[in-house]
Q: 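I am attaching a structure below and will ask some questions about it afterwards.
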Amino acid sequence: MNLSRVSWRLLVPAAAALAALSMPAAAQKPNILYILVDDMEHELYQYMPKTKRLIEDQGVLFDQNFTSLSLCCPSRTTTLRGQYSHNTGIFTNVWPTGGFAKFHADGLENSTIATWLQRGGYRTGIIGKYLNGYPNSDVGPLYIPPGWNYWWVPNGGTPYAQYNYSVNFNGRTVSYGNTAPDHFNDVATAQAVSFLRESAKDPAKKPFFLFFTPTLPHAPATPPKRYKNMLLDVKLPRKPSFNEADISDKPRWLRKLPLLTEDEIARMQTLYVKRRQSMLALDDMVETLVNELQASGQLANTYVFFSSDNGWHQGEHRLPAGKSRLYEEDIRVPLSVRGPGIPAGRVVRKLSANVDLAPTFAALGGVAAPDFVDGRSLVPLFKGPNPATWRQALLLESHTGLAGEASELASAGATTEPGLLEPDDMNANSAALAPAPAHVYRGLRTAFGSTFALFDIGDAEYYDLYLDPYQMQNRYSTMNAELRTALTNQLTAMRNASGAALRAAEEVPAGRRPAAAAAGAK
């Protein structure tokens, strides 16, 4: 299919690191293309060879990259603002604890990476998914938030299903049907190509920032029809934690989960095939965009980022397919970057996260990020040597109350506004087993390879990922007492902090793995 024919005050150290990349002069600010896919865990990234060749191999892979709250709207808000959820107030996908409705009502959209870069002379665009619940009745279907010069975002129908949807294209509604050329991923890719071509011909020669957000491989993960007969024999991964036999060490809400049934596993297998087929489409999409940058003469002056808003579990610890938990499958996501001055083939194993993206984009664009930003620019990591100090622990947060998936809302008797149909992300029965506050936690993912979390009702989890990479054994009750105290103190210092104080708290070495455990990790 021929996609071109488818219709319609950053920190001083970061600024110094930016200069060290030998970037073009201020009059030639770099372009920024951020590709954000939906619900893609770190493991799926291995099935994107074109993306690896075109982005990672030409630049840097952030191998320890995470999302602080594994859920769509909180994660995307963190990306737009550079703040953790306890500072944005966005914990879920729906009002009153999250979603576009709260983001808009609280005025958060008045200061985002889009407004910062637009004021800095950038042509800003978003193509694809914005925030869950956009648009609502308060703003109407043609609303465009501050900061965006180019707006192509779904405003009705079922874009997650890839067909029968409408978009707000710069203030007018354009509708699409259910024929092959209407597939959302293909149409969005063609729209992005159009944006890149327009930018190349811009008489004002403004640099661009394009936030490109396809919905694949989000369930139902319907790939374009040309992929439907591919990869039919791939098998759902079954890690040692898959349908875990003994979960007596887990928090109380999870201990209530029965073993997965054969029918549940079969449904996950069917979805997995579609997700893998979707990866083919996404890989081709990345190739199309990079080729267009090359053809239009913009690639050498463009930073290209690839990442996901959150991860995805599929049977681990008896959890039916879904997200928003603290396990590695949910929180670890890919991040690769290429661009001016980044050496090819670099791998960074420092902790990075979605909270770092907005300050990174601001640094690249030469604009000051507000003091409220919690994250840190990744620019000092683009090219060695690494900075003397860096984050030693990343804050993990959970949604509070219902996360906003359709099945959870239905099971609670709640409804969403007419318009965009929110996707069915999580199993309704498993959601019913975890009412707030049983599942509400704050935690840390540490630089020395551990996950530590304290739940509001008194449960706790600790996993040493060197000894236990599949998080099979919760060692909280037997962990080293000194280490437990250090991690608890660090979590206490971080969980309500913001800005520079939070970043300082992150840099405190939160204890170390006990010598006996370190000796056992080969």
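Values below: all heavy atoms of this structure, side chains included; hydrogens, waters and symmetry mates excluded. The structure displayed is predicted, hence computed values, not measured ones.
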Q: Are any side-chain N or O atoms of W390 and backbone N or O atoms of L351, one a donor and one an acceptor, separated by less than 3.5 Å?
A: yes
Q: Looking only at non-hydrogen atoms, find the nearest pair between V373 and A369 and report the distance.
A: CG2-CB, 4.0 Å
Q: Checking R238 side chain against E316 main chain: does a donor-acceptor pair fall under 3.5 Å?
A: no
Q: Decide yes or no for V286 and K50: does some side-chain heavy atom of the first lie under 4.5 Å from some side-chain heavy atom of the second?
A: no
Q: Which atom names give the shortest non-hydrogen contact between R275 and A221, and what distance separates them?
A: CG-CB, 3.8 Å
Q: Atom OG1 in T213, atom OH in Y130: separation rounded to 0.5 Å?
A: 11.0 Å
Q: Holding to salt bridge (charged side-chain N to carboxylate O under 4.0 Å, His left out), I want the full list of residues that pass it with R346, two or more places apart in sequence or in another chain.
A: none
Q: Among residues at least two apart in sequence or on other chains, which ones pass side-chain contact (heavy atoms from CB on, under 4.5 Å) with S498?
A: N87, D374
Q: Output, in order, the C-alpha distance, side-chain angles, deciding distance and verdict of side-chain hydrogen bond (donor to acceptor under 3.5 Å, both in side chains) for T67 and S75.
A: CA-CA 7 Å; T67 183; S75 175; 3.3 Å; yes
Q: Quick check: does any side chain N or O of S450 sit under 3.5 Å from a backbone N or O of T446, one acting as donor and the other as acceptor?
A: no
Q: Has the side chain of R442 got a donor or acceptor atom that lies under 3.5 Å from a matching backbone atom of R495?
A: no
Q: Partners of E482 by salt bridge (charged side-chain N to carboxylate O under 4.0 Å, His left out), sequence neighbours excluded?
A: none
Q: Is there a side-chain contact between D283 and P49, using heavy atoms and a 4.5 Å cut-off?
A: yes
Q: Is the side chain of K274 donor-acceptor paired with the backbone N or O of P220 at a distance under 3.5 Å, no angle test?
A: yes
Q: Going by side-chain contact (heavy atoms from CB on, under 4.5 Å), name the residues that satisfy it together with A358, two or more places apart in sequence or in a different chain.
A: I113, W116
Q: In chain order, what residues pass the side-chain contact (heavy atoms from CB on, under 4.5 Å) check against T261, with sequence neighbours excluded?
A: D263, E264
Q: Can you find a pair of side-chain heavy atoms, one from L483 and one from F452, that are under 4.5 Å apart?
A: no
Q: Would you please name every residue forming a ring-ring contact (aromatic ring centres under 6.0 Å, His included) with H42, sequence neighbours left out?
A: none
Q: Please check if any side-chain donor atom of T78 sits under 3.5 Å from a side-chain acceptor atom of N354, or the reverse.
A: no
Q: What's the shortest heavy-atom distance between S308 and V333, and which atoms?
A: O-CG2, 3.8 Å
Q: Output the distance between atom CG (D249) and atom CD (E461), rounded to the nearest 0.5 Å.
A: 8.0 Å
Q: So does Y476 get a backbone contact from the side chain of R484, meaning a donor-acceptor N/O pair under 3.5 Å?
A: yes
Q: Are the side chain of Q269 and the backbone N or O of L236 linked by a donor-acceptor pair below 3.5 Å?
A: yes
Q: Between the side chains of K129 and Y134, does any donor sit under 3.5 Å from an acceptor?
A: no
Q: State, without any angle test, whether T88 and T77 hold a side-chain donor-acceptor pair at a distance under 3.5 Å.
A: no
Q: Would S111 and T115 count as having a side-chain donor-acceptor pair, cut-off 3.5 Å?
A: no
Q: Are a donor atom and an acceptor atom from the side chains of Y45 and E56 found within less than 3.5 Å of each other?
A: yes
Q: Please enumerate all residues that pass salt bridge (charged side-chain N to carboxylate O under 4.0 Å, His left out) together with D459, with sequence neighbours excluded.
A: R252
Q: Could you tell me whether the side chain of N243 and the main chain of L260 form a donor-acceptor pair under 3.5 Å?
A: yes
Q: Quick one: list whatever passes ring-ring contact (aromatic ring centres under 6.0 Å, His included) with Y34, sequence neighbours left out.
A: F211, F361
Q: Could you pull out the closest heavy-atom pair between L502 and M494, with the gap in Å?
A: CD1-O, 4.0 Å
Q: Should L54 and V304 count as side-chain neighbours, where that means a heavy-atom distance under 4.5 Å?
A: no
Q: Quick one: do L491 and L395 satisfy side chain to side chain contact (heavy atoms under 4.5 Å, CB included)? Show the steps, please.
A: CA-CA 7 Å; L491 178 56; L395 181 66; 3.7 Å; yes
Q: Before you tell me yes or no, could you show the steps for M40 and S278 under side chain to side chain contact (heavy atoms under 4.5 Å, CB included), namely the whole-Å CA-CA distance, both residues' side-chain angles and the distance that decides it to 0.1 Å?
A: CA-CA 10 Å; M40 176 183 161; S278 295; over 6 Å; no
Q: Would you say N474 and Y463 make side-chain contact, with heavy atoms under 4.5 Å?
A: yes
Q: Of all residues at least two apart in sequence or in a different chain, which pass the side-chain hydrogen bond (donor to acceptor under 3.5 Å, both in side chains) check with N489?
A: none
Q: For the atom pair CZ (F91) and OG (S398), what is the distance rounded to the nearest 0.5 Å?
A: 8.0 Å
Q: Looking at N310, is its backbone amide N or carbonyl O close enough to the side chain of S70 to form a donor-acceptor pair, meaning the two atoms are under 3.5 Å apart?
A: no
Q: D246: what forms a side-chain contact (heavy atoms from CB on, under 4.5 Å) with it, not counting sequence neighbours?
A: S248
Q: Are P237 and E43 close enough that some pair of their side-chain heavy atoms sits under 4.5 Å apart?
A: no
Q: Mind jotting down which residue pairs meet the salt bridge (charged side-chain N to carboxylate O under 4.0 Å, His left out) criterion with at least one end in residues 66-81? Sequence neighbours excluded, please.
A: D38-R76, R76-D309
Q: When rounded to the nearest 0.5 angstrom, what is the spacing between CG in L71 and CZ in R325?
A: 10.0 Å
Q: Given the side-chain rings of H317 and Y327, with only the six-membered ring counted for Trp, is the space between their centroids under 6.0 Å?
A: yes
Q: Taking side chain as C-beta onward, heavy atoms only, is L280 less than 4.5 Å from P223?
A: no
Q: How long is the gap from CZ on F209 to OG1 on T302, to the nearest 0.5 Å?
A: 13.0 Å
Q: Determine which pairs satisfy salt bridge (charged side-chain N to carboxylate O under 4.0 Å, His left out) with at least one residue from residues 328-337, sequence neighbours left out, and list them in order.
A: D63-R332, K239-E329, E328-R445
Q: Heavy atoms only: give me the nearest R255-K250 pair and the separation to one decimal.
A: NH1-O, 2.6 Å
Q: So does P469 get a backbone contact from the side chain of Q471, meaning a donor-acceptor N/O pair under 3.5 Å?
A: no
Q: Enter the distance from Y470:OH to L465:CG here, rounded to the nearest 0.5 Å.
A: 11.5 Å
Q: Is R475 close to L467 at the side-chain level, that is, under 4.5 Å between some pair of heavy atoms?
A: yes
Q: Tell me the closest heavy-atom pair linking M285 and P214, and the distance in Å.
A: SD-CG, 3.9 Å
Q: Could you go step by step and tell me if K102 and T97 meet the side chain to side chain contact (heavy atoms under 4.5 Å, CB included) rule?
A: CA-CA 7 Å; K102 182 171 175 58; T97 53; 5.6 Å; no
Q: Side chain to side chain contact (heavy atoms under 4.5 Å, CB included) between L216 and V37: does it pass, once the steps are laid out?
A: CA-CA 6 Å; L216 291 177; V37 300; over 6 Å; no
